Protein chains: 2
Amino acid sequence: MTLSARSLRSDAARNRELLLAAAEEEFAKRGMDASIAAIARRAGVAKGTVFRHFATKEELVAVVVGGHFVSLGAVAGELLESVDPTGALLEFLAVAAEQLQHQDLVFLQAVTEGDSTVTECRNQLHARTNALVDRAQEAGGIRSDVTGSDILLILCALVHTVGLRTEQTPDSWRRHLIILFDGLRPQGASPLPGPVPERL
Amino acid sequence: MTLSARSLRSDAARNRELLLAAAEEEFAKRGMDASIAAIARRAGVAKGTVFRHFATKEELVAVVVGGHFVSLGAVAGELLESVDPTGALLEFLAVAAEQLQHQDLVFLQAVTEGDSTVTECRNQLHARTNALVDRAQEAGGIRSDVTGSDILLILCALVHTVGLRTEQTPDSWRRHLIILFDGLRPQGASPLPGPVPERL
DNA sequence: CCACAAGATGACCGACTGGTCAACTTGATA
DNA sequence: TATCAAGTTGACCAGTCGGTCATCTTGTGG
């Protein structure tokens with residue numbers, strides 16, 4: 001991780017934010033292959049500055065991705081208050097999918113490994129996803145054999161289709177979402193194969 | 001495209017097959033970023049030989065991907081004979097997903113553009129997918145508001161989750177498939193948003 | 001069995017990558 | 001305002017990439 005958040009000089013703090021914003025945009029546009037040079041350029045700083053703030057590219061990715069965990073976790077947290085648990089889960093998938101654009105959630109599993117603060121955010125997201133699923137199940141809105149793991153896998157797939165947007169049909173992923181969600185309903189559910197994924 | 005299939009010297013023909021096989025494996029392992037050098041190494045030839053057979057990396061990709069179209073088209077063709085149209089569609093998704101591993105089907109849309117023979121294979125795949133959907137709909141096995149485009153989008157998503165395999169849960173994508181397929185059934189289907197995608 | 005075209009080779013090229021670092025600039029403190 | 005650590009810079013490095021090409025090897029028709 002970067003050195004503790006203590007005492008950043010004002011210009012350094014500003015540059016750090018510029019870099020994170022630039023990285024966000026660049027990763028969204030070019031995927032995880034976006035180059036450090038491009039990010040630096042977009043932020044209006046020299047390449048060396050990137051490495052002063054983030055020791056490696058991996059670390060930069062981890063921080064950006066950590067932000068996504070936090071943001072998704074917040075969304076899930078709000079939706080846990082909803083009076084319509086089933087609708088909340090649907091909303092969660094929709095908001096999360098759109099928010100992540102074509103950012104891959106998986107890499108993030110790997111990249112994140114070993115970073116305690118990012119791991120914590122991830123765990124919170126997992127816990128809240130489980131809670132959303134539990135509530136929807138208790139309300140009888142979704143089948144009882146799916147788990148938070150299933151939902152997150154489905155979210156990854158959904159995010160992927162959001163990334164496949166074309167100009168002609170920018171919303172075809174929403175059709176995919178509805179089909180998926182209909183498949184989550186308890187009525188007429190076929191048994192799911194394989195072992196039930198362990199709780200995250 | 002490569003020069004017409006006429007009159008390859010025996011060693012050249014052998015090397016071409018070795019290269020295609022190596023490319024298949026390497027693309028499957030490393031994704032589309034697999035390097036030409038690695039493919040050449042795996043095939044046991046020098047890098048220059050790759051470019052003798054395929055003018056650019058794009059062309060090599062197009063040929064490999066074209067093979068997938070053919071193979072998928074063949075699967076769809078066989079399944080069109082099935083007496084259980086709904087089961088055939090499910091089978092198609094399962095087989096296609098597993099066969100493609102984490103090969104992305106989309107790139108292929110782009111890479112393929114402009115290559116007549118590959119385009120032809122793609123069109124055949126599209127046509128057969130539409131036919132599979134039509135048959136399943138006529139049999140009342142799946143909802144009437146989905147189209148071949150929806151199915152191929154879903155297939156892309158499914159392929160993506162196959163690529164997310166972990167050692168612990170190598171088959172979690174099958175749970176995803178079943179959920180999806182339950183969502184395709186006509187009972188209790190929610191209306192799909194947006195314009196119906198045009199026939200491919 | 002020979003001649004020669006088709007094919008294979010690998011050093012080489014320029015562009016790009018993540019990452020380093022000595023020299024320079026600047027914000028904050030006393 | 002003088003000082004100096006904190007921060008910035010961009011040339012530079014080693015490595016990789018797709019792609020080229022002069023040179024060498026080899027399959028094959030006569």
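Sequence lines set the chain letters: A, B, ... in the order given, protein chains first and strands last, and positions in each chain run from 1. What you see is a predicted model; the values in this text were computed from it and never measured.
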Task: Distance in Å, Leu180(A) CG paired with Arg185(A) CZ, rounded so as to fall on 0.5 Å steps - done: 11.5 Å
Open item on the list: Just the rounded figure in Å: distance from C1' of dG18(C) to NE2 of His53(A).
Closed with: 17 Å
Dump the pairs, protein N or O against N or O of nucleotides 26-29 of chain C, anything under 3.5 Å, distances to one decimal.
from, atom 1, to, atom 2, distance (Å)
dT26(C), O2, Arg9(A), NH1, 3.2
dG27(C), O4', Arg9(A), NE, 3.4
dG27(C), O3', Ser10(A), OG, 3.2
dA28(C), OP1, Ser10(A), N, 3.4
dA28(C), OP1, Ser10(A), OG, 3.0

Task: Length of the CZ-P vector between Phe54(A) and dG7(D), whole Å - done: 13 Å
Task: Sequence-distant partners of Thr169(A), side-chain hydrogen bond (donor to acceptor under 3.5 Å, both in side chains), two or more places apart - done: Thr166(A)
Task: Rounded distance in Å - CG (Asn15(B)) to C1' (dT26(D)) - done: 12 Å
Open item on the list: Whole angstroms only, please: what is the CD1-C1' distance between Ile39(B) and dC17(D)?
Closed with: 12 Å
TODO: Starting from P on dA8(C), measure out to CZ on Arg14(B) and report it in whole angstrom.
DONE: 8 Å
So which protein N/O to nucleotides 18-20 of chain D N/O distances come out below 3.5 Å?
from, atom 1, to, atom 2, distance (Å)
dG18(D), OP1, Lys57(B), NZ, 2.6
dG18(D), OP2, Ile36(B), N, 2.9
dG18(D), O6, Lys47(B), NZ, 3.4
dG19(D), OP2, Lys57(B), N, 2.7
dG19(D), O6, Lys47(B), NZ, 2.2

TODO: Report the distance from atom CG of Asp182(B) to atom CZ of Arg143(A), rounding to the nearest 0.5 Å.
DONE: 4.5 Å
Open item on the list: For a salt bridge (charged side-chain N to carboxylate O under 4.0 Å, His left out) check, start with the C-alpha distance between Arg174(A) and Glu98(A), then their side-chain angles and the critical distance, and finish with the verdict.
Closed with: CA-CA 10 Å; Arg174(A) 292 189 184 277; Glu98(A) 187 141 50; 3.1 Å; yes
- [ ] Before giving the answer on side chain to side chain contact (heavy atoms under 4.5 Å, CB included), spell out for Phe69(B) and Leu72(B) the whole-Å C-alpha distance, their side-chain angles and the decisive distance to 0.1 Å.
- [x] CA-CA 5 Å; Phe69(B) 277 133; Leu72(B) 281 192; 5.6 Å; no
Distance-only criterion, 3.5 Å: show the donor-acceptor pairs between side-chain atoms of residues 83-97 of chain B and protein atoms not counting sequence neighbours.
from, atom 1, to, atom 2, distance (Å)
Asp84(B), OD1, Thr86(B), N, 3.3
Asp84(B), OD1, Gly87(B), N, 3.0
Asp84(B), OD2, Gly87(B), N, 3.4

Task: Residues which pass side-chain hydrogen bond (donor to acceptor under 3.5 Å, both in side chains) with Thr56(A), listed by chain and number, not counting sequence neighbours - done: none
Open item on the list: Please classify the nucleic acid contact of Val45(B) as base, sugar-phosphate, or nothing, using heavy-atom distances under 4.0 Å.
Closed with: sugar-phosphate
- [ ] Find the distance Leu60(A):CG to dG19(C):C1' and express it as a whole number of Å.
- [x] 13 Å
Donor-acceptor contacts, no H, no angles, side chain residues 40-49 of chain B, under 3.5 Å, sequence neighbours left out:
from, atom 1, to, atom 2, distance (Å)
Arg42(B), NE, Glu26(B), OE1, 2.5
Arg42(B), NH1, Glu25(B), OE1, 2.4
Arg42(B), NH2, Glu26(B), OE1, 3.1

- [ ] Take atom CZ of Arg16(B) and atom P of dA6(C), then tell me their distance rounded to the nearest Å.
- [x] 17 Å
Task: Heavy-atom side-chain contact between Asp171(A) and Pro193(B) under 4.5 Å - done: no
Task: Atom-pair distance (CZ on Arg52(B); P on dT26(D)), nearest Å - done: 15 Å
